[in-house]
Amino acid sequence: MTSSDDLFQPLSSEELDELEDFLLLDTHDDKSMTLDMLDGFFAALAVGPSLIGPSEWLPMVLDVEGEGPPSFSSPEQAARMTGLIVRYMNSIVSVFDADPDSYVPLFDQCVFGDPEEEDLAVKAWSLGFILGMELRWDDWLPVFEAVNEEGDAEVHLLTPIFLLSGTDENMPELKDEEREAWRELIPESVSSLYRYWLPSRAQQ
């Protein structure tokens with residue numbers, strides 16, 4: 001197996017734990033993404049209209065504002081963690097390429113200690129997705145005006161993500177049953193966005 005092949009190997013549960021522990025290190029000064037946010041961020045990059053390389057998105061993993069290059073304690077740590085992060089991104093892309101309907105966000109693969117922890121994970125995922133959109137916001141704009149064959153506005157595909165992110169301060173707080181209903185729509189919304197933007201990505 002070549003090193004190139006290695007970068008397309010899905011992370012094991014132990015490697016996911018290792019990556020999560022790294023992202024939570026105090027040395028990142030609370031600027032790094034959480035694992036749930038990273039999962040949403042990579043989902044947006046995987047399904048969006050533009051192909052974006054690691055040199056652009058990697059700095060945001062350890063600093064959501066992307067103000068500087070990633071910082072590591074040693075060359076060995078840099079190689080190890082960069083490899084895990086790239087493999088994680090590649091594994092999400094592979095899911096959509098193989099079967100968009102099989103995508104399951106990280107928060108639906110985990111067991112949580114309490115409802116608040118679960119809600120925070122969903123919110124982090126949604127915020128990560130929006131961060132991914134913001135890397136190419138102008139390229140995403142057509143979806144806000146598009147209408148599908150049934151006459152439905154395609155922007156509705158983004159509604160669950162924006163509502164669950166809590167970014168709109170003018171929106172009333174969602175009730176538990178509303179939050180659960182919107183959350184259940186996320187996998188379908190994301191797979192539909194993948195199909196919507198597929199022609200755009202194919203031309204790049």
What verdict does the side-chain contact (heavy atoms from CB on, under 4.5 Å) test give for L164 and L174, after you've listed the backbone C-alpha separation in whole Å, the side-chain angles of each residue and the deciding distance to 0.1 Å?
CA-CA 8 Å; L164 292 167; L174 295 173; 4.1 Å; yes

Can I85 and M89 be said to form a side-chain contact (heavy atoms from CB on, under 4.5 Å), step by step?
CA-CA 6 Å; I85 292 168; M89 171 61 177; 5.8 Å; no

Run the side-chain contact (heavy atoms from CB on, under 4.5 Å) test on K123 and D36 for me, step by step, so that the C-alpha distance in whole Å, both residues' side-chain angles and the decisive distance to 0.1 Å come before the verdict.
CA-CA 9 Å; K123 181 176 182 179; D36 286 293; over 6 Å; no

Decide side-chain contact (heavy atoms from CB on, under 4.5 Å) for D97 and V93; before the verdict, give the C-alpha distance in whole Å, the side-chain angles of both, and the deciding distance to 0.1 Å.
CA-CA 6 Å; D97 287 348; V93 171; 3.5 Å; yes

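Ion pair R179/E184 not flagged as a salt bridge, since none of the NZ, NE, NH1 or NH2 atoms sits closer than 4.0 Å to an Asp/Glu carboxylate oxygen. The existence of a salt bridge linking D6 and R87 is excluded, since no basic side-chain nitrogen approaches an acidic carboxylate oxygen closer than 4.0 Å.
Under the 4.5 Å side-chain criterion, counting only non-hydrogen atoms from C-beta, L84 is not in contact with F22. Taking 4.5 Å as the limit, every side-chain heavy atom of F162 sits out of range of all side-chain heavy atoms of D168. For the pair E20/E15, no side-chain contact is recorded, criterion being any heavy-atom separation below 4.5 Å from C-beta on. Using a 4.5 Å heavy-atom threshold, the side chains of V47 and F129 count as touching. Within the 4.5 Å cutoff, the side chain of L163 has no heavy atoms near those of the E178 side chain. Contact annotation: the side chain of R136 approaches that of E56 to within less than 4.5 Å [non-hydrogen atoms, C-beta and beyond]. In this structure, the side chains of L62 and L23 come closer than 4.5 Å at one or more pairs of heavy atoms. Put simply, the side chain of V147 does not reach to within 4.5 Å of the side chain of E154, judged on heavy atoms.
A distance of 12.0 Å separates CG in L185 from NE2 in H156, rounded to the nearest 0.5 Å. In this structure, CG on L38 lies 6.5 Å from CG on L19, to the nearest 0.5 angstrom. Rounded to the nearest 0.5 angstrom, S13 OG and E18 CD are separated by 11.5 Å. The distance from atom CG of L157 to atom OH of Y194, rounded to the nearest 0.5 Å, is 15.5 Å. Rounding to the nearest 0.5 Å places CE of M81 at 9.0 Å from OG of S73. Note: E65 CD to K31 NZ = 6.5 Å, rounded to the nearest 0.5 Å.
R195 forms no cation-pi arrangement with F96, by the criterion of a distance under 6.0 Å to the ring centre and an angle within 45° of the ring axis.
Heavy-atom neighbours of Q204 CD from other residues, nucleotides or ligands within 6.0 Å: above the threshold of 12. At most 12 heavy atoms of other shown residues, nucleotides or ligands fall within 6.0 angstrom of atom CD in E149. The neighbour count for D99 CG, taken as heavy atoms of other residues, nucleotides or ligands under 6.0 Å away, is above 12. No more than 12 heavy atoms of other residues, nucleotides or ligands lie within 6.0 Å of CD in E116, so this atom counts as exposed by the packing criterion. More than 12 non-hydrogen atoms from other residues, nucleotides or ligands lie less than 6.0 angstrom from CD of E180.
A single hydrophobic cluster is seen to contain both V155 and Y196, as judged by linkage of ILVMFWY side chains at heavy-atom distances under 4.5 Å, directly or through other members. Follow the hydrophobic side-chain contacts under 4.5 Å out from F8 and you never reach L51; the two are in separate clusters. When the side chains of ILVMFWY residues are joined at heavy-atom separations under 4.5 Å, either directly or via intervening members, L24 and M37 end up in two distinct hydrophobic clusters. Both L141 and L198 belong to a single network of hydrophobic side chains, linked directly or stepwise wherever heavy atoms of I, L, V, M, F, W or Y lie under 4.5 Å apart. Using a 4.5 Å cut-off between side-chain heavy atoms of Ile, Leu, Val, Met, Phe, Trp and Tyr, with links allowed through other members, L106 and L120 fall into different hydrophobic clusters.
Taking both residues in full, the closest heavy atoms of P49 and W197 are given as CB-CE3, 3.1 Å, listed atom of the first, atom of the second, then distance. Here the closest heavy-atom approach between residue Y103 and residue V95 is recorded as CA-CG1, 3.8 Å. Across all their heavy atoms, S191 and D101 have their closest contact at OG-OD1, 3.6 Å. In plain terms, the two heavy atoms of L35 and L16 that are nearest each other are CD2-O, 3.9 Å. Across all non-hydrogen atoms, the minimal contact from L7 to N90 is O-ND2, 2.8 Å. Across every non-hydrogen atom of L45 and G132, the tightest pair is CD2-O, 3.9 Å.
Between the side chain of S165 and the backbone N or O of T167, at least one donor-acceptor pair lies under 3.5 Å. Looking at Q109, its side chain does come within 3.5 Å of a backbone N or O of V104 through a donor-acceptor pair. A side-chain donor-acceptor contact under 3.5 Å links R201 to the backbone of G48.
For W137 and F144, the gap between ring centers is short of 6.0 Å. Aromatic pair F41/W125: ring centres not closer than 6.0 Å.
In summary, the side chains of Y88 and D39 do present a donor paired with an acceptor at a separation below 3.5 Å, with no hydrogens or angles considered.
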